[in-house]
Amino acid sequence: MKATHDDKTFILTGRYWSGIFPVEELPKQLAFYRGQRAKFPKAKGTYDATIEALEKPANEIGL
């Protein structure tokens, strides 16, 4: 999983898909994936790569 950003958008790229989102949505996306990891502990790491990818631009932007 990879996330990149500019001033207005961030791009989340997975193995088979990608999405472009407004940078304002980054905290919401991060909260969603953290919530999924908490709700579904049996998924064992399924959401970790996405969370890690989203944390990088969030920290760079200062969110």
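Note that the structure is a prediction, hence the values are computed from the model and not measured.
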Checklist line | Neighbour count above 12 (heavy atom, 6.0 Å) for Glu25 CD | finding: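 More than 12 within 6.0 Å, yes.
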Note to self: Give me the atom names and distance for the closest heavy-atom approach of Pro57 to Ala3.
What the structure shows: CG-CB, 3.8 Å
Got [X] and [Y] here, is their nearest side-chain heavy-atom distance under 4.5 Å?
{"X": "His5", "Y": "Ile11", "value": "no"}
{"X": "Val23", "Y": "Asp7", "value": "no"}
{"X": "Tyr33", "Y": "Leu54", "value": "yes"}
{"X": "Lys8", "Y": "Asp6", "value": "yes"}
{"X": "Leu12", "Y": "Trp17", "value": "yes"}
{"X": "Thr9", "Y": "Pro22", "value": "no"}

Notebook entry, point to check: Does any pair with a residue in residues 34-46 pass salt bridge (Lys or Arg N to Asp or Glu O under 4.0 Å), and if so which ones, sequence neighbours excluded?
Noted result: Arg34-Glu55, Arg37-Asp48
Notebook entry, point to check: Leu30, Leu63: one ILVMFWY side-chain cluster at the under-4.5 Å cut-off?
Noted result: yes
Check: Between atom OG1 of Thr13 and atom NZ of Lys2, what is the distance when rounded to the nearest 0.5 Å?
Finding: 6.5 Å
Item checked: Gap between atom CD1 of Ile51 and atom CD of Gln29 - 0.5 Å precision -> 11.5 Å
